2 protein chains.
Amino acid sequence: MDEVRVIEIKKSVFADNEMDANALRGELKAKGVYLLNLMSSPGSGKTTTLIRTINLLKDKVRLAVMEADIDSDVDTVKIRKETGVESIQLHTGGMCHLDAEMTRQGLDSLDLEGVDLVILENVGNLVCPAEFDTGAVRNAMILSVPEGDDKPLKYPLMFSVCDLVLVNKTDVMPYFDFSLERCREYVARRNPAAQVIPICARTGEGVEKFAEWLLSEVGNWKKQ
Amino acid sequence: MDEVRVIEIKKSVFADNEMDANALRGELKAKGVYLLNLMSSPGSGKTTTLIRTINLLKDKVRLAVMEADIDSDVDTVKIRKETGVESIQLHTGGMCHLDAEMTRQGLDSLDLEGVDLVILENVGNLVCPAEFDTGAVRNAMILSVPEGDDKPLKYPLMFSVCDLVLVNKTDVMPYFDFSLERCREYVARRNPAAQVIPICARTGEGVEKFAEWLLSEVGNWKKQ
C-alpha cells in the first residue's frame, strides 16, 4: 500500500461559511456524492466505528474517508489497513474544527469519480466543530457510554446539529452509571428529530443499523 | 444553601493574552492565591475527581471552585452539595475555552479573602483550552482510560502544556486496551517533565496523591 496522503489544511478565508457550505452541498449533489460529517469527543470510538461500517458498506457503495486530526496519521493508517478504502489525512495544524472551505480542500485531494459516499471524521471535540457547517448532507455524532448520559445538557449545540447520535461502547454499560433512556430524553430535548442508535464498535453489535441508515441516506440523496 | 451563582462570561477584548495571564499570576501571587487550571475531554471525570480532592483538602486549605461550562449548572450544584465549598458557574456562552481575562471575570466574582487555592474546571475540550494561558500557576489534565492511551499523539499541545496528567477510571482498565506504560511514554514524548498519577475518582483510589501534590504546590507558591 502506498504512503499515507496528508493534506495540510490552511485556514479558511471565506467570511460567510454558511453560504460556502451550501455551495459545496450543491456541488456534491451535482456529482452524486453524499458527504457525512462524523463528530465526537476524543476517544469515543469514531475510527473503530468507521472501520466496522465501511466493511459492511464497501461492496454496496463506493466510499472514501477523510480523517481530520491536529497532528497524527494513525487513524488514516488504521482505516486503510483494515478496510482497503481510499483514506486521506487532513492535518488542521492546531485548528479545532473544519469549516466548508477546509472540507473542500480535503475533497479536492480525493478522486471523486464514481464515489457515492465520503465520510469526514472531524476533529475530536464536542464544542467547535458543532459551530461550523462543513457542507455535509448530514451530521452524525458518537457519544460513548463512559462519557456519561448528561452530555446533551452540557454540549447543547453539538446535539442540536446532529441528525443521528450513535451511543457507543454499550458493552461497558454495566460499569458506568449510564441510562440509555435518560440519554434519549436529553438528546430529544436538544433535537426531537434526532435518531439514537446504540452500538458497540468493538464487537460490531448494532453497527449494521448505522450502515443501513447510511445506505438509505445515500440512496435518497441520489434520488432527490 | 443559596442559589447557584452563574457568571455569564464576556468575550475577551485583550489582544495579548500572554501578557494578561502573567499580570493575573502576579496579582494572585500578591494575594497568596494559587490557581489550578484543570482540563480534559468531556466526560473524563473532572467533577468527580474534584469532589474527592476537595473533601481531602478542605480542612487543610481554604478553597474555591470555578466551573466553566457552555451552558449547564449541574457541576456547580454537585460540587456545592457534595463538598460545601464555594463554587461558581462560569457560562462561556458557546465559547470553547477560557483565556486570562475570562478567568479574571470569574475570580472577580469570588471572595478571595483568606482563600489559598482556586480550582478552575475548564470547558471539556482537548484542543482550544490548551492554546490559552488562563493565568493559572499550573495546568493539570485528566485523561480517562476509555479515551485510549494514544491521546498524547493526537492532542500534542494539551499534553505539552500540562504539568500533571491524572489517568482516571483505572477501575475499568481490564475492559479497555489501555497500557499505563505506553501512556507514560507518549506523555513523556510531549512533556518529559510531566507527572502522571493514576487515579480512580469513583472509588477514590490514588486521589490522595493528587491532593498531596496540590497541597505541596500551594505551600511552595506561598513560600516563593
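Naming convention: chains lettered A, B, ... in sequence-line order (proteins, then strands); numbering from 1 in each chain. Note that the coordinates shown come from a computational prediction; the quantities given were computed from them, not determined experimentally.
Put simply, SG on B:Cys128 and CG on B:Leu98 are 11.0 Å apart, with the number rounded to the nearest 0.5 Å. In this structure, CD1 on A:Ile119 lies 9.5 Å from CG on A:Leu35, to the nearest 0.5 angstrom. In this structure, the separation between SG on B:Cys162 and CD1 on B:Ile142 is 10.5 Å, given to the nearest 0.5 Å. If you take CG on A:Leu166 and CD1 on A:Ile199, they are separated by 4.5 Å, rounding to the nearest 0.5 Å. To the nearest 0.5 angstrom, B:Met66 atom CE is 12.0 Å from B:Leu38 atom CG.
For the pair B:Val165/B:Ile197, no side-chain contact is recorded, criterion being any heavy-atom separation below 4.5 Å from C-beta on.
Of the two parts of A:Val74, only the side chain, counted from C-beta on, holds a non-hydrogen atom closer than 4.5 Å to a non-hydrogen atom of chain B. Contact annotation for A:Pro156: only side-chain heavy atoms (C-beta onward) come within less than 4.5 Å of a heavy atom of chain B.
Per-residue heavy-atom pair counts under 4.5 Å with chain A were compared for B:Leu157, B:Val123, B:Val172, and the maximum is reached by B:Val172.
A side chain to side chain contact (heavy atoms under 4.5 Å, CB included) with A:Leu63 holds for exactly one of A:Leu117, A:Val115, A:Leu50; it is A:Leu117.
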Go through chain A and chain B and list any donor-acceptor pairs closer than 3.5 Å, backbone and side chains both.
from     : atom 1 : to       : atom 2 : distance (Å)
A:Asp75  : OD1    : B:Lys154 : NZ     : 2.8
A:Asp75  : OD2    : B:Lys154 : NZ     : 2.9
A:Gly124 : N      : B:Tyr155 : OH     : 3.4
A:Gly124 : O      : B:Tyr155 : OH     : 3.4
A:Pro146 : O      : B:Lys169 : NZ     : 2.7
A:Lys154 : NZ     : B:Asp75  : OD1    : 2.8
A:Lys154 : NZ     : B:Asp75  : OD2    : 2.9
A:Tyr155 : OH     : B:Gly124 : N      : 3.4
A:Tyr155 : OH     : B:Gly124 : O      : 3.4
A:Lys169 : NZ     : B:Pro146 : O      : 2.7

